[in-house]
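Below is one structure; the comments refer to it alone.
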Amino acid sequence: MDTSDAPESTPRQSTTSSLTDYFIGTTPLQKRLESIRKQVSVLPTPPRRKIPQGSGLQENVDPQKVAFLLHKQWTLYSLTPLYKFSYANLKEYSRLLSAFIAAEKQKGLAVEVGEDFSIKVIFSTLLGMKGTQRDPEAFLVQILSKSQLPPQNREGKVLWTGWFCSIFGDSLLETVSEDFTCLPLFLANGAESNTAIIGTWFQKTFDCYFSPLTINAFNLSWLAAMWTACKMDHYVATTEFFWSVPCSPQSLDISYAIHPEDAKALWDSVHKTPGEITQEEVDLFMECLCSHFHRHFKIHLSATRLVRVSTSVASAHTDGKIKILCHKYLIGVLAYLTELAVFQVE
Amino acid sequence: MNTFQISPSSCKVKQKPSDSKTILKQNPVEPHEYVDDQVEDSLQMALQYFEKGPIKIPSRKDKILEKHLKTVENVAWKSGLAPEAIDILLNVALSGKFGNTVNTRILKCMIPTTSISEDSVVKAVSWLCVSKCSGSTKILFYRWLVAMFDFIDHKEQINLLYGFFFASLQDDALCPYVCHLLYLLTKKENVKPFRVRKLLDLQARMGQQPHLQALLSLYKLFAPTLISVSLPVRKKIYFKNSKDLWNSAVLAVKLRNQHSFTEPRKLTFSPANFNPLKRKWKSRSVTPVLNSGSYPKECGKKEMSLSNCLSCDRSLPLERLQSFPLLLKNIHCLELPSQMGSVLNNSLLLHYVNCVRDESLLLRLYHWLNQTLQEECIWYKVNSYEQSKEFANLLDTIIRAECFLQEGFYSCEVFLYKSIPLWDGLCCRSQFLQLLSWIPVSSFSEMKPLLFDHLAQLFFTSTIYFKCSVLQSLKELLQNWLLWLSADIHMKPVMSSPLQITLDASMNSVSELIHYVGWLSTIALRLESNSTFLLHFILDFYEKVCDINIKHDLPLVVLFPPGIFYSSLLSLDTSILNQLSYIMHKYHKNLIAAKKKELVQKAKSEFSFSTKTCQQFNHYLTTMIGCLWTSKPFEKGVYIIDSKMLENTEVSKYKNSLNLVHHPSLLSYAVSFLLQESSEERTINISSIREKKWHCYLDYLFSEGLQGLKFFIKNSIHHSSVS
């Protein structure tokens, strides 16, 4: 028992008091904490969203680059804000990153057969790829193999592509100072070993953190509903869902394909509020699909796990893989993914 | 990922090693018993025959051999063979005692009832080394091994033969089958650079064979850095089905196994349980290595003139920062690390972080820590022992840093909020609770639904030890808050209005925390039926609470709830009573000090002690004095107990029974006091301790180390006699 009155330890003598900060909430960190408290206490996603309208792309966007982003499978990552990243130094970054990659490749036990590694790294901005004016400019990183061909065929083969973007990522922006660039969504296409090397370089250089971004069944249902709701001039793919049944030794996948127009008709029948989607509508939409399936096959899909959704707009896998097909709704798709990434980063 | 699918069923086989001792013991339906006996006998004979080998080689040999073979085949296809039988027959088939056709037939009917012992397989493989059997037998054996792989009870020994199997890849005919076996057998530690090279050589020689690609892709999965050749991503059929020979048999065995397997198999909706990136991105430790950040700065000012370069302070690279004096000398020109997470392991930099308070520095640390905790947290995903070790280490590092800074990190607070709903209360318990005690002061009512409500659920449903450790860490939390607040108050003597608000708010938070603990403790005492052990932890907490006003100079006095007071007062444990007395004594002093302050600073009453607090304390005090001193228990105060009810308890002299002499926790002291006084007397009369003896007895109690009681009695009795 402590009968003496000696103090336990000398109180901390910090230079600036943080007490006021805690209660007044002036610092960015404090704001962040507030927003997290709110987030944790309410549902992770707002119960209603807008249906993606029109293209939403800014006017100065380069159509060639946009085309380049479509029809490719991207692996998603969330990314914390980049510290001291500057758009003025993209050339310099290209140089540094290619040196880093070369060093990494030589250091490791590369058992690549044949040619030695000669690559080129290109950083370029994706002008206009943003939701609001406040969103920082998206940018693209490409690794090309330097071809041995004569200079007129200089365009080497693209080995790896990755891009960073933020579409309506305002909420994250509010909680950082100007030293940071917020591009919470990162998409990569190419060998994972390359993603690892490049990610490591970014982490070391801009003190950021990459985490794989998965899309859980809840969010997949939202995507399915939103994409079905999109108005399309013509459909390029059937609407398809994949459910996974956990069973051993090999999991069983159930594929459920619907004619896109039928899916749209179903959606229109459950959809009430114009221009908006609510949680109830999403639930109802999925419920209808499942009960239809049950009527025919006597299988309760609700007892399984939704793992993939593909529509004419885009397709998404729960592992965090996405393929965007429709140019018109590119921004809409990215906005939702940015939201997921921001949620993970916070 | 084909390899991993196999494992569940192999685990299952382990379940019943003894069950299938021998086929002789299997006892199916009764009417067939006789027939079965016969079958078993003939099987035994067949086995003996094969074991000993053909005695002579007459032309009639074929007939006997044929008969025994038939027997074995029949039994095997019908109900499978026991591990012992398989052991014998494998030996026979691969030793080359008989011809090729016989060997083939034997191998084809090597169907286990439920499992195959690993030893038999190892023995069989050893036969392959002496090359007594033909190539086709070898192939068949490998095919059999692949087909029955799931039914082998253990695989450790077989895995040790990995090198042998790998060497067999040389044999072009065997190659596909060995590949398949290796595909099933490969573990991460089997993937070696020289093996990768060998496989690539083979591929160069034989072209892109699907079986080689399968093995390579598995290797790549385990060690992506070792293999940079691109392999077809799409899953396709790599191996011809080796099982086709035994398809129905394998099914039958599986059915049998499933039957004997009572526990339901766990089917998990395994969420995308990929490894954290760290593992794929091959960084060795969780916390980054210390590196001075040079890239961004250099990039920013590329064209630095020579004079500029010479004149400006050369900043000190972190790698050279070795001692505290060096830090002090260079504190103005220190290069911060490129990855803020690395400061956690460096105490010098923690000093720096503590005094710099740069917002972006804290933000970088915040983000890094936040994501790392999220990614490493083991109760979010299926995990391994190694991973949980790593996570505990990470938490330890963070806690060390927090203790060093005497301050909590925001990210940890966020982590607690996010992870407590999923926490089982077991995993990394001590770390989790320590993190809890470092939460910065903030609004308790806001934190309650996020954290403390979840904690309460765990608290009530867990063991007494968990309850005690939670109370312990809440005590530490309270102490940390008090230290921060008292440091803050004294830093700013001028009472600016915003601080005034915040002080009120924070004192409110502290008092809410104390009330919360009071609520937890009261219920816990009831749940644990007034456990003394628990009571100690509760009173430890109140030892901090009772002295807030004087020790920390903070305007707050919160009393304990009646449930705790009465449980302590009526406890059978002396030290509890002693601790209670000490706490009462401290409360007394604190309240008097507060009253004085109130009189002095009448104009601005920092806080008002509600008269209720005073009343409540007075009630406790009179009750305690009434019980211990004046022998008039429960006559005054709020809870007056009707004397009739006390009489009904049929305790004679109930009035005395809680005083300092008769109190159950002090009775033993009274006895030994009397014995000490007059050891020759054979009977002792406890009631004889009165008047003068009473005071001697008190001195005796105090000399026995009951300091708390001493403080209490010296203070209160004196005061009460005055007033």
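Convention: sequence-line order gives letters A, B, ...; per-chain numbering from 1.
The neighbour count for B:Lys710 NZ, taken as heavy atoms of other residues, nucleotides or ligands under 6.0 Å away, does not exceed 12. Within 6.0 Å of the NZ atom in A:Lys72, the count of heavy atoms belonging to other residues, nucleotides or ligands exceeds 12.
Residues B:Gln371 and A:Thr80 approach most closely at CG-CG2, 3.4 Å, considering heavy atoms. In terms of heavy-atom proximity, A:Val345 sits nearest to B:Asn370 at O-ND2, 3.6 Å. Between A:Gln203 and B:Gln339, the closest heavy-atom pair is O-CG, 3.3 Å.
The closest side-chain heavy-atom distance from B:Glu375 to A:Tyr209 is below 4.5 Å. Taking 4.5 Å as the limit, every side-chain heavy atom of A:Glu178 sits out of range of all side-chain heavy atoms of B:Ser360.
Looking at B:Thr372, both its backbone and its side chain come within 4.5 Å of chain A, counting heavy atoms on both sides.
For A:Phe85, the ring pair (Phe, Tyr, Trp, His ring centres under 6.0 Å) test picks out A:Tyr87, A:Tyr93, A:Phe139, A:Phe206, with sequence neighbours left out.
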